[in-house]
*Asks:* 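There's a structure below that I have some questions on.
The chains referred to below are lettered A, B, ... by the order of the sequence lines, with proteins before strands, and numbering in each begins at 1. Keep in mind that the numbers below use all heavy atoms, side chains included, and drop hydrogens, waters and symmetry copies.
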Amino acid sequence: MSASPSSMSGGAGAVEAAMRTVVWFRRDLRVEDNPALAAAARTAGEVVPAYVWAPEEDGPYYPGRVSRWWLSQSLKHLDASLRRLGASRLVTRRSTDTVAALLELVRSTGATHLFFNHLYDPLSLVRDHRVKEVLAAEGITVQSFNSDLLYEPWEVLDDDGCPFTMFTPFWNKCLCMVDPAAPMLPPKRINSGDLSRCPSDELIFEDESERGSNALLARAWSPGWQNADKAFAAFINGPLIDYSVNRKKADSANTSLLSPYLHFGELSVRKVFHQVRMKQLMWSNENNHDGEEGCSLFLRSIGLREYSRYLAFNHPCSHEKPLLSHLRFFPWVVNEVYFKVWRQGRTGYPLVDAGMRELWATGWLHDRIRVVVSSFFVKVLQLPWRWGMKYFWDTLLDADLESDALGWQYISGSLPDGRELDRIDNPQFEGYKFDPYGEYVRRWLPELARLPTEWIHHPWDAPESVLQAAGIELGSNYPLPIVELDEAKSRLQDALSEMWELEAASRAEMENGMEEGLGESSDVPLIAFPQELQHMEVDREQFRATIPTPPTAGRRRADQMVPSMTSSFVRAETELSADFGNSEVSRQEVPSQVHFQQRVEIREEVVNDGTAARNNGIQHQQYNNQNTQHRARAGIAPSTSEASSTWTGREGGVVPVWSPPAASGHSDPYTADETEISSRSYLDRQPQSHRLMNWSQLSQSS
DNA sequence: GCAGTGTTTGG
DNA sequence: CAAACACTG
């Protein structure tokens with residue numbers, strides 16, 4: 001009955017009795033319903049639980065302060081749980097090269113197996129693939145599992161066997177698929193054998209300057225999987241029943257507050273799914289319509305999380321490139337002053353400002369308010385959405401690359417089913433919708449506390465006498481609107497026309513280019529992050545040293561709190577890249593091609609702004625035709641996408657780590673050639689070189 | 001009055 | 001995309 005994970009890789013001859021498995025934890029920091037851990041424990045061999053901290057590999061997405069704090073707490077919690085089960089401590093490694101660290105760990109513990117659970121962000125896809133390649137070459141059996149999702153991205157396809165491009169059909173499909181596996185209990189016992197000769201590195205997650213702020217976090221949050229469990233129970237037995245009614249209020253009292261737990265995998269979505277479904281059934285029987293609907297709505301937000309992984313998997317560049325290609329040509333306002341004002345909550349729109357202050361103070365923001373502030377950012381200020389996303393990344397407790405990319409793309413009109421870019425939401429109007437009595441605004445904007453509700457969301461309209469009575473002097477202790485809405489609207493229209501012109505020009509240019517058989521095209525380079533968002537580059541140095549060094553510490557603090565900025569209006573230099581694949585590579589450390597040999601040089605090149613595109617001879621361009629059908633279904637007007645490049649075709653340039661189950665084998669609508677590897681094409685390719693099973697296969701075999 | 005169509009909205 | 005709403009004849 002034991003799961004025989006069909007031996008698959010080299011070195012199989014290892015002595016069974018001495019079998020030792022390294023379980024590599026990442027964002028699956030739980031003991032319960034953890035397939036990799038369960039599989040390792042079931043083998044009756046020895047289990048080495050391990051964690052590798054190598055944040056430098058994440059480049060600009062080095063985790064922010066609050067996120068690091070959460071991680072540190074969660075790891076402690078996990079460590080304690082593992083020991084309780086009889087395992088050794090969590091073996092930790094501080095490294096700048098995860099693969100090397102794992103290899104060393106496996107060797108020094110004499111392990112023959114490495115198990116881990118899947119991740120789907122672009123960095124992990126590439127890294128995990130390398131892990132598999134390198135370790136398998138060493139004769140280590142590597143297996144990976146699904147712990148993060150209800151369904152693996154490649155399992156959810158439309159009737160034609162293609163990935164969905166819109167959320168609603170995606171989620172409907174998920175809901176009518178067979179229920180995801182029931183969650184597993186924690187292993188009864190874990191035996192690590194003798195690990196006394198395997199030291200751990202001390203991991204440092206905060207510096208001196210951060211300690212104080214982090215101490216405050218501990219009052220509000222309790223990381224760790226058992227606390228996740230409690231929070232979840234509290235939610236489904238409490239606010240869930242009123243979720244459909246309450247979820248619109250800006251107050252977080254009614255939301256689940258589970259997202260940080262979910263981000264770090266402390267809570268299993270499968271468990272969430274099953275338990276919420278049970279509640280739903282119950283309330284349905286009781287004819288509690290609101291309760292039932294609340295369950296659907298909550299599950300849909302789980303579905304959104306699911307979808308964010310799905311998108312990231314199918315389009316590994318979704319965190320930096322708009323999925324609708326014409327958005328590449330939108331002339332973003334590159335204005336760091338605006339950016340700063342937004343961050344500090346001094347835009348003059350109370351709801352926006354309240355949100356930004358809350359975010360700053362707590363690392364938390366209600367979903368609705370996230371939409372408000374980000375849509376203000378994109379549509380009124382017209383700042384490049386990646387900046388906003390990066391700021392969220394740096395400040396949110398539940399910062400999550402996939403979810404945030406989805407959110408920002410949705411807001412900025414970059415998704416087929418997202419909001420129209422030209423529809424500006426009025427913060428005043430939304431204020432009365434989400435915060436009808438102005439309580440939220442008053443809590444976070446003390447300067448407006450005495451303003452009557454009638455004016456709380458539009459103080460600029462208030463009569464002088466009212467303002468005076470409330471002690472407000474607009475432009476002095478509370479700003480006037482930084483941009484008038486009407487002005488924003490017309491500016492937005494102009495920008496959109498410009499975008500279409502550029503898009504048309506690019507299309508024309510591309511048609512020429514194709515005649516010459518070259519992948520020549522004007523790919524718009526990413527706009528560099530402002531200096532202030534690049535502090536990670538500096539800060540990481542101090543974590544490398546064992547002794548925390550203060551020098552840069554003050555800077556980070558000042559960075560977001562005090563308006564001390566270099567008011568340089570950085571216009572990103574525009575350059576044409578000769579080649580798609582390369583321009584991607586040069587922009588961010590997400591190699592879009594499978595050529596991992598290039599990795600070293602990629603890493604060196606990655607410096608936040610578009611470095612010169614390299615030409616490594618990869619050319620691919622011909623997916624336009626193959627794509628048409630797909631786009632049509634996605635509701636993307638052919639005229640807008642016909643000749644532009646971005647959509648599905650070449651996005652999936654990353655080979656994932658695990659080999660998915662056999663694909664249907666029909667021909668791929670948008671695979672061009674060998675170098676053009678889309679997510680579909682590797683499904684068809686079935687990299688035999690590293691045969692890993694996914695979890696569903698393994699469970700079937702047990 | 002209300003079925004049928006268009007429009008908004010919300011993930 | 002789909003539900004909710006608004007408007008029309």
Side-chain angles (χ1 to χ4, degrees), chain A residues 150 156-160 162-177 243-250 252 254-256 258-259 262 269 276 289-290 292-312 314-315 318-319 322-324 327 351 355 365-379 385 388-389 392 396 398 400-435 489 630-637 641 647:
Chain A
L150 299 176
V156 188
L157 301 169
D158 67 13
D159 294 339
D160 301 328
C162 296
F164 289 95
T165 54
M166 285 186 264
F167 172 69
T168 307
F170 164 82
W171 185 232
N172 285 338
K173 171 77 182 187
C174 288
L175 287 177
C176 63
M177 286 168 71
Y243 190 72
S244 64
V245 186
N246 281 337
R247 88 210 135 91
K248 288 193 174 175
K249 293 193 184 155
S252 52
N254 306 302
T255 58
S256 71
L258 293 175
S259 54
L262 286 166
V269 283
V276 172
H289 208 67
D290 284 350
E292 193 190 343
E293 196 195 346
C295 291
S296 294
L297 286 166
F298 180 68
L299 281 181
R300 193 168 57 177
S301 70
I302 296 295
L304 238 18
R305 189 193 100 100
E306 199 92 348
Y307 190 57
S308 72
R309 271 72 180 149
Y310 188 79
L311 270 188
N314 286 310
H315 310 279
S318 63
H319 63 302
L323 258 52
L324 290 182
L327 257 296
L351 188 64
L365 217 45
H366 186 290
D367 184 53
R368 288 303 165 118
I369 306 300
R370 293 184 197 204
V371 172
V372 169
V373 300
S374 56
S375 116
F376 184 86
F377 182 95
V378 168
K379 300 180 183 194
W385 61 266
M389 192 182 96
F392 271 23
L396 277 173
D398 58 4
D400 182 287
L401 203 52
E402 295 97 308
S403 291
D404 291 344
L406 175 64
W408 282 89
Q409 292 231 21
Y410 166 76
I411 286 307
S412 64
S414 313
L415 293 175
D417 55 348
R419 293 205 176 179
E420 309 295 333
L421 182 51
D422 53 6
R423 208 164 69 195
I424 292 194
D425 305 299
N426 188 332
Q428 171 185 342
F429 186 67
E430 306 211 286
Y432 287 107
K433 220 155 66 182
F434 304 142
D435 181 32
K489 259 176 209 165
H630 186 64
R631 288 202 217 99
R633 194 178 45 252
I636 307 166
S641 51
W647 199 220

*Asks:* Give a yes or no on whether a salt bridge exists between A/Asp425 and A/Lys433, defined as a side-chain N under 4.0 angstrom from a carboxylate O.
*Replies:*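 Looking at A/Lys433 together with A/Asp425, the answer is no, because their closest N to O distance does not fall below 4.0 Å.
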
*Asks:* Base, sugar-phosphate or nothing for A/Leu406? Non-hydrogen atoms, less than 4.0 Å.
*Replies:*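 Contact class for A/Leu406: base.
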
*Asks:* Identify whether any heavy atom of A/Lys173 sits under 4.0 Å from a base atom; if not, whether one sits that close to sugar-phosphate; answer base, sugar-phosphate or nothing.
*Replies:*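 Contact class for A/Lys173: none.
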
*Asks:* Nearest whole angstrom, please: distance from the P of C/dC1 to the OH of A/Tyr307.
*Replies:*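 Rounded to whole Å, this separation is 12 Å.
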
*Asks:* Residues two or more places apart in sequence or in another chain: which of them pass side chain to side chain contact (heavy atoms under 4.5 Å, CB included) with A/Ser244?
*Replies:*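 A/Ser244 satisfies side chain to side chain contact (heavy atoms under 4.5 Å, CB included) with A/Asp290, A/Glu293, A/Leu297 only.
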
*Asks:* Between A/Asp398 and A/Arg370 (salt bridge meaning N to carboxylate O under 4.0 Å), is one present in this structure?
*Replies:*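 Answer for the salt bridge query: yes.
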
*Asks:* Assert yes or no for the condition that the ring centre distance of A/Trp171 to A/Phe164 is strictly below 6.0 Å.
*Replies:*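 Ring centres of A/Phe164 and A/Trp171 not closer than 6.0 Å.
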
*Asks:* Which residues satisfy the side chain to side chain contact (heavy atoms under 4.5 Å, CB included) test with A/Leu304, sequence neighbours excluded?
*Replies:*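 A/Leu304: side chain to side chain contact (heavy atoms under 4.5 Å, CB included) contacts with A/Phe167, A/Leu406.
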
*Asks:* What orientation do A/Phe392 and A/Trp408 show, parallel under 30°, tilted 30 to 60°, or perpendicular over 60°?
*Replies:*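 A/Phe392 and A/Trp408: perpendicular rings.
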
*Asks:* Figure out the CG/C1' separation between A/Leu175 and C/dA2, and round it to whole Å.
*Replies:*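 That distance rounds to 14 Å.
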
*Asks:* Scan A/Arg370 against the nucleic acid and name what it touches under 4.0 Å (heavy atoms): base, sugar-phosphate only, or nothing.
*Replies:*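 The residue A/Arg370 makes no contact with any strand.
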
*Asks:* Hey, where on DNA chain B does chain A first and last touch, going 5' to 3'? Cut-off is any atom under 4.0 Å from a heavy atom.
*Replies:*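 Contact span on the strand: B/dT9 to B/dG11.
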
*Asks:* Can you tell me the distance, in whole Å, between the CG atom of A/Leu415 and the P atom of C/dC1?
*Replies:*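 A/Leu415 atom CG is separated from C/dC1 atom P by 15 Å.
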
*Asks:* From CH2 of A/Trp171 over to C1' of C/dA3, roughly how many Å is that when rounded to an integer?
*Replies:*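 Rounding to the nearest Å, CH2 of A/Trp171 and C1' of C/dA3 are 18 Å apart.
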
